[in-house]
Amino acid sequence: QVQLVESGGGLVQAGGSLRLSCAASGRTFSTRAMGWFRQAPGKEREFVATITWSAGNTYYTNSVKGRFTISRDNAKNTLYLHMNSLKPEDTAVYYCAADTRGGNYYNKNNYDYWGQGTQVTVSS
């Protein structure tokens, strides 16, 4: 089992920045990759970014490239999402997720463990 706890969400004006954190505990040695997903009201949960835990390879959805940066601190078992130039369309509940099997990092069904989510609201 892997437990994930997100923090860092909040209300920010368009153009502002936020940093999300996700603290992992439990069987973290089994983690292949960790990612961020988001879900806006009435929409499906969508992929935002992921990072492979050992090599640090990163992948982003097109809409956040150049604005968001995913990173991790292996010693602290913590995942981060640095979000800059935020837009109202970034408003959503953001979830971190852990993948212990490898595979398609863009597919939410590939992830085994999820955090409870943190709300990000961007006002115009």
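- Here the OG1-CG distance, from T69 to N84, works out to 6.5 Å after rounding to the nearest 0.5 Å.
- When each of W36, Y111, F37 is paired with F47, the ring-ring contact (aromatic ring centres under 6.0 Å, His included) condition holds for F37 and for no other.
- Panel note: side chain E6, backbone C22; no donor-acceptor pair is recorded below 3.5 Å.
- In this pair, Y106 and Y59 present their aromatic rings perpendicular. The plane angle is above 60°, beyond the 30 to 60° band.
- Taking all atoms of both residues into account, the shortest heavy-atom contact from P88 to A14 is CD-CB, 4.1 Å.
- Note that OG1 of T50 is 8.0 Å distant from CG of L79, once rounded to the nearest 0.5 Å.
- Contact record, T52 with R72: O-NE, 3.7 Å, taken as the closest heavy-atom pair.
- The nearest pair of heavy atoms linking W53 to N74 is O-ND2, 3.0 Å.
- With contacts defined as side-chain heavy-atom distances shorter than 4.5 Å, the pair F68/L86 qualifies.
- The shortest side-chain heavy-atom distance between Y95 and L4 does not fall under the 4.5 Å cut-off.
- Between atom CG of residue N110 and atom CG of residue D99 there is a gap of 4.5 Å, rounded to the nearest 0.5 Å.
- Cluster annotation: I51 and V2 are assigned to the same hydrophobic cluster (Ile/Leu/Val/Met/Phe/Trp/Tyr, side-chain heavy-atom contacts under 4.5 Å, transitive).
- Under the 4.5 Å side-chain contact rule for hydrophobic residues, L81 and Y113 share a cluster.
- Here the side chains of V120 and R38 are not in contact, with every heavy-atom distance at 4.5 Å or above.
- Taken from CD in E89 to OG in S124, the straight-line distance is 10.0 Å, to the nearest 0.5 Å.
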Pair T91, Q119 - check side chain to side chain contact (heavy atoms under 4.5 Å, CB included), show working. CA-CA 8 Å; T91 295; Q119 177 71 46; 4.0 Å; yes
Derivation and outcome, side chain to side chain contact (heavy atoms under 4.5 Å, CB included), residues R101 and R32: CA-CA 7 Å; R101 294 171 287 174; R32 299 286 187 93; 5.9 Å; no
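- L18 and Y80 sit in two unconnected hydrophobic clusters of ILVMFWY residues. Membership requires side-chain heavy atoms under 4.5 Å apart, directly or through other members.
- Distance check: N77 CG to Q3 CD gives 11.5 Å after rounding to the nearest 0.5 Å.
- Here the CD atom belonging to Q1 is positioned 10.0 Å from the OG1 atom belonging to T100, to the nearest 0.5 angstrom.
- Between Q39 and K43, the shortest heavy-atom contact is NE2-O, 3.1 Å.
- Of all heavy-atom pairs between T118 and S7, the closest is OG1-C, 4.4 Å.
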Run the numbers on S85 and K87 for side chain to side chain contact (heavy atoms under 4.5 Å, CB included), then give the verdict. CA-CA 6 Å; S85 302; K87 303 175 181 180; 5.9 Å; no
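- The same ILVMFWY cluster, assembled from side-chain heavy atoms under 4.5 Å apart, contains both V12 and M83.
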